[in-house]
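Heads up: the structure comes next, in structure tokens.
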Amino acid sequence: MGRQTVDEHGIENHPDLMDPDWQRHAEKEAWIGLRRSRRRARLRKRVTISAAVLVGLAAAGCAFYAWGRATSEQYPGTPAAVAGGSTSPAVTTTTTAPTDLPLDAHVDLSRPFDDTPAQNWAEGIAGLTIPPAKAVGSFSAQQVGHAEDEVKQAITVAQFDQDTLEGHKSAGYVGLFAPDAKADIQAHAQDYLTFLADGYHLLPVAPRMTGTMTARPGKSGELVLHVAYVVAYAFEPGTHVIYGPADLEPFVRVDADYTVRSGAHWDPSSRGLWLDQMNSYFTSIACTASKANRLAPAFSEPDFAGPSLTAEPGQFDPKKPIPTKGNCGD
């Protein structure tokens with residue numbers, strides 16, 4: 001029997017290439033190769049230095065996000081949620097975390113942050129490191145501690161509160177600021193807060209966070225509290241095919257200066273918390289949703305074809321400079 005040959009013009013009919021498993025593998029590798037050079041990222045800047053910017057102190061406490069939304073039957077191993085609390089396992093991973101977000105890796109939906117930069121971060125606002133309060137300028141240690149608590153609460157509402165994330169409500173955030181600041185904050189709330197895109201929900205796992213808060217004196221009667229942090233969210237994939245953490249885990253980097261004004265130098269309506277500036281950077285997101293100031297996972301936009309972008313350390317490390325270039329048409 002003569003040796004079987006393959007016509008070079010009919011290579012697509014080669015038995016190896018017709019194998020369904022091979023075809024799926026090749027398709028996956030081609031898609032991952034494309035995405036490696038096209039990381040979705042967006043830089044958003046919002047600066048506020050006017051004399052009327054934010055809102056009066058809230059009398060009621062904040063309702064924190066209940067990370068309890070039933071997941072798709074496609075993932076029966078994911079724990080069900082308990083209203084009012086997190087069902088995610090304790091953060092016990094101690095191995096060195098990767099410095100970048102994997103595009104091609106197994107994702108355990110009950111521990112989605114494993115093997116990502118967020119694997120060792122604390123859950124929620126506990127990931128924000130706040131030094132012990134001490135006197136700064138004309139502010140006593142007690143006043144500094146109170147100011148730190150105000151900023152901590154503002155960040156909690158902005159990044160983790162259910163009414164903010166899913167309800168797209170800004171009242172809880174606006175209510176934390178000085179009366180003269182209300183109009184500006186209300187007008188630009190979507191620039192300061194994280195709103196999830198309609199139809200997309202988080203897994204019943206608390207977001208992870210890392211970052212710091214530092215205090216310094218400002219102008220007369222002002223205390224400036226600088227925060228630099230990164231928050232990682234994990235979306236429920238439903239029936240979407242997921243190739244790795246980058247498909248369902250957007251990272252939000254924020255650098256901001258909050259200012260507390262106090263004393264006779266300021267009118268009563270200007271005393272309290274203000275927001276002087278905020279820069280945000282979003283990694284592994286859906287660009288279309290982001291341009292509408294909504295956070296959606298990358299898997300919701302599989303046909304993304306933006307320009308290539310080299311990953312920068314500041315995407316995942318708030319100790320590094322915040323990136324200055326995105327690829328969502330900024």
Side-chain angles (χ1 to χ4, degrees), residues 44-65 124-125 128-165 167-195 209 211-229 231 254-280 293:
R44 187 172 72 196
K45 292 187 177 182
R46 170 66 188 168
V47 179
T48 303
I49 314 179
S50 65
V53 173
L54 311 173
V55 182
L57 285 165
C62 302
F64 300 119
Y65 193 87
I125 196 64
L128 184 68
T129 300
I130 304 175
K134 62 181 181 180
V136 176
S138 62
F139 287 77
S140 67
Q142 183 178 8
Q143 288 176 313
V144 171
H146 180 69
E148 290 173 342
D149 287 342
E150 289 184 279
V151 174
K152 179 180 177 180
Q153 188 177 12
I155 296 170
T156 300
V157 174
Q159 307 292 165
F160 306 115
D161 182 65
Q162 183 177 19
D163 283 344
T164 302
L165 292 172
H168 304 164
K169 297 177 181 178
S170 59
Y173 186 76
V174 171
L176 295 172
F177 293 87
D180 285 345
K182 292 181 180 179
D184 185 86
I185 287 294
Q186 185 63 58
H188 301 284
Q190 63 183 2
D191 292 325
Y192 307 135
L193 307 177
T194 296
F195 293 158
M209 183 184 200
T212 58
M213 179 191 304
T214 56
R216 70 175 188 271
K219 294 182 294 185
S220 178
E222 286 189 345
L223 177 70
V224 179
L225 297 115
H226 177 75
V227 291
Y229 61 84
V231 179
V254 174
D255 279 15
D257 284 338
Y258 288 86
T259 297
V260 172
R261 294 175 176 173
S262 178
H265 182 77
W266 301 102
D267 291 335
S269 59
S270 291
R271 296 171 192 167
L273 187 65
W274 291 70
L275 178 61
D276 280 344
Q277 66 175 1
M278 176 180 287
N279 294 332
S280 304
N293 291 317

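Hydrogens, waters and symmetry mates play no part in the numbers below; they use all other heavy atoms, side chains included. A quick note: this is a predicted structure, and the numbers were derived from the prediction, not measured. Residues: numbered from 1 along the sequence shown.
- Smallest separation of non-hydrogen atoms from F139 and S262: CE2-CB, 3.8 Å.
- Every residue meeting the side-chain contact (heavy atoms from CB on, under 4.5 Å) condition with A256, not counting sequence neighbours, appears here in chain and number order: V227, V254, Y258, L275, M278.
- At a threshold of 4.5 Å between non-hydrogen side-chain atoms, the residues W274 and D180 count as touching.
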Q.
For a side-chain contact (heavy atoms from CB on, under 4.5 Å) check, start with the C-alpha distance between N293 and D191, then their side-chain angles and the critical distance, and finish with the verdict.
A. CA-CA 7 Å; N293 291 317; D191 292 325; 3.8 Å; yes
Taking it one step at a time, do F195 and L165 satisfy side-chain contact (heavy atoms from CB on, under 4.5 Å)? CA-CA 5 Å; F195 293 158; L165 292 172; over 6 Å; no
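- Side-chain contact between Q153 and D149: absent, with no pair of heavy atoms (C-beta onward) separated by less than 4.5 Å.
- When side chains are defined from C-beta on, T194 does not count as touching F160, because their heavy atoms never get closer than 4.5 Å.
- How far CG of L176 is from OG1 of T156: 9.5 Å, rounded to the nearest 0.5 Å.
- Between G137 and P217, the closest heavy-atom pair is CA-CB, 4.4 Å.
- Of all non-hydrogen atoms in A133 and A141, the two that sit nearest each other are CB-O, 3.4 Å.
- Using a 4.5 Å heavy-atom cutoff, the side chains of S170 and L193 are in contact.
- Among pairs with a residue in residues 215-224, those fulfilling side-chain hydrogen bond (donor to acceptor under 3.5 Å, both in side chains) read E222-R261, at least two apart in sequence or across chains.
- The shortest heavy-atom contact between P179 and S269 is CD-O, 3.2 Å.
- Of all the heavy atoms in G172 and V157, the pair that sits closest is C-CG1, 3.9 Å.
- Within the 4.5 Å cutoff, side-chain heavy atoms of L128 are placed close to those of M213.
- Atom-to-atom distance recorded for Q277:CD and D257:CG is 4.5 Å, nearest 0.5 angstrom.
- In this structure, the side-chain contact (heavy atoms from CB on, under 4.5 Å) partners of T212, at least two apart in sequence or on a different chain, are T129.
- Using a 4.5 Å heavy-atom threshold, the side chains of M209 and I125 count as touching.
- Of the possible donor and acceptor atoms, one in the side chain of R271 sits under 3.5 Å from a partner among the backbone N and O of W266.
- The closest side-chain heavy-atom distance from T259 to L273 is not below 4.5 Å.
- By the 4.5 Å heavy-atom criterion applied to side chains, L225 and E148 are counted as neighbours.
- One finds the OH atom of Y192 at 15.0 Å from the OG1 atom of T164 (value rounded to the nearest 0.5 Å).
- K134 and V144 get closest at one heavy-atom pair: O-CG2, 3.3 Å.
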